[in-house]
2 protein chains.
Amino acid sequence: MIYQYYERMNTCTTKGAKALRPDLLAGMAEALQALAHADRLRILDVLDRKGSLPVHELVRVTALGQAVISGHLARMRRAGLVRADRKSREVWYAIANPHAVTILDCIRRKGTER
Amino acid sequence: MIYQYYERMNTCTTKGAKALRPDLLAGMAEALQALAHADRLRILDVLDRKGSLPVHELVRVTALGQAVISGHLARMRRAGLVRADRKSREVWYAIANPHAVTILDCIRRKGTER
DNA sequence: ATAATATATTGACATATCATGATATATCAA
DNA sequence: TTGATATATCATGATATGTCAATATATTAT
């Protein structure tokens with residue numbers, strides 16, 4: 001099918017003959033888990049657009065509670081999806097894993113499909 | 001950073017000014033959840049390589065229990081990731097959502113990085 | 001030291017997920 | 001119908017996740 005072929009060419013050509021390593025699969029499953037929440041996708045989207053933001057800005061922009069944002073950021077930090085930098089009182093967050101952006105773009109494309 | 005730029009160009013250029021719609025984010029979070037398990041990624045990888053397989057073949061290839069495979073397939077079916085086709089006694093599964101393959105390729109690339 | 005701001009963590013509780021073994025359903029063959 | 005094969009679902013308990021309010025920690029200003 002044409003669409004599928006295009007899809008493949010558009011992303012990656014590393015589908016080899018070898019099965020994926022179990023530890024790689026486990027690691028990726030963890031990263032996907034950390035990604036798989038509407039709030040967290042939203043946070044990543046904002047971070048990707050702005051580059052880097054302090055927590056209170058994310059709270060303001062998303063209108064979610066401070067504890068909720070902080071919890072999501074902690075989860076993504078543990079998974080290596082985002083990185084935190086304290087700047088005096090504030091802690092600025094940014095996306096740390098380019099694959100997160102790849103998947104975000106995948107979602108954005110879906111939003112503009114057809 | 002060069003790598004990040006390449007990453008973006010290689011996948012999608014639809015990062016617009018508008019925030020992602022909440023229902024789109026919720027749907028994608030669900031799909032990612034359905035994807036986020038080492039066994040399920042493994043199953044999808046096999047399906048992508050072979051195109052389509054009956055359940056007992058997936059059981060044989062992955063060496064996982066029949067109930068486990070069946071459960072994972074049901075979960076992915078509900079999320080629209082795979083499609084099932086009964087052929088007499090067997091039920092053949094195939095990947096139904098091209099985005100799943102995009103993410104798979106993303107993982108494969110990680111497996112061959114550097 | 002005290003207060004104010006920014007962020008992180010905790011506890012309680014509800015809900016979702018996972019693995020496993022047992023059982024149920026569907027299809028075909030004899 | 002009976003039996004064999006292929007698949008799906010169920011019941012259970014263990015573990016993880018999500019929410020919310022409260023509290024703790026860190027940093028700066030007074």
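Computed from a predicted model, the values in this text were never measured in an experiment. To find a chain, count down the sequence lines: A is the first, B the second, and so on, and within it residues start at 1.
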*Where the side chain of A:His56 is defined as all heavy atoms beyond and including C-beta, which of C:dG21, C:dT7, C:dA8 is the nearest nucleotide?*
C:dT7
_Listed nucleotide nearest any side-chain atom of B:Arg89, set D:dT7, C:dC28, C:dA6_ = C:dC28
*Please report, rounded to the nearest Å, how far the P atom of C:dT17 is from the CD atom of B:Gln33.*
6 Å
*If only side-chain N and O atoms of B:His72 are considered, is one of them under 4.0 Å from the OP1 or OP2 phosphate oxygen of D:dT7?*
no
_Under a 3.5 Å distance rule, please check whether B:Arg40 uses its side chain to pair with a backbone N or O of B:Ala34 as donor and acceptor._
yes
*Find which nucleotide of DNA chain D each of A:Arg86 and A:Gln66 is nearest to by heavy atoms, and output the residue with the more 5' nucleotide.*
A:Gln66
*Given DNA chain D, 5'-ward residue of the pair A:Ser88 and A:Asp39, judged by closest heavy atom*: A:Asp39
*asked:* Tell me whether A:Thr62 contacts the main-chain N or O of A:Leu58 through its side chain, where contact means a donor paired with an acceptor under 3.5 Å.
replied: yes
_Criterion side chain to side chain donor-acceptor pair (under 3.5 Å) against B:Tyr93, the qualifying member of B:Glu57, B:Arg83, B:Arg77_ = B:Arg77
*Nearest-Å distance, CG (B:Asp85) to C1' (C:dT27)?*
16 Å
*Any side-chain N or O of A:Arg78 under 4.0 Å from OP1/OP2 of C:dT9?*
no
*Would you mind reading off the distance between B:His37 atom NE2 and D:dT17 atom P, rounded to a whole angstrom?*
12 Å
*asked:* Please pick, from C:dT9, D:dT9, D:dG18, the nucleotide with the shortest atom-to-atom distance to any side-chain atom of A:Arg77.
replied: C:dT9
*Nucleotide of C:dA8, C:dC18, D:dA8 approaching B:Val91 most closely (side-chain heavy atoms)*: D:dA8
*Spacing between B:Glu30 atom CD and D:dG18 atom P, to the nearest angstrom*: 14 Å
*Hey, quick one: are B:Leu44 and A:Leu24 part of the same hydrophobic cluster, counting side-chain heavy atoms closer than 4.5 Å, chains of contacts allowed?*
yes
*What do you reckon, is CD of A:Glu30 surrounded by more than 12 foreign heavy atoms closer than 6.0 Å?*
no
*Does A:Tyr93 place a side-chain N or O at less than 4.0 Å from the phosphate oxygens OP1/OP2 of C:dA6?*
no
_Spacing of B:Ile43 atom CD1 relative to D:dT7 atom P, expressed in whole Å_ = 13 Å
*Answer yes or no: does a side-chain N or O of B:Arg75 lie under 4.0 Å from OP1 or OP2 of C:dT17?*
yes
*In whole angstrom, what separates A:Leu64's CG from D:dA21's P?*
13 Å
*Specify the separation, in whole Å, of atom CD of B:Glu90 and atom P of C:dA29.*
12 Å
*For B:Ile69 and D:dA8, what is the distance between atoms CD1 and C1' respectively, to the nearest whole Å?*
13 Å
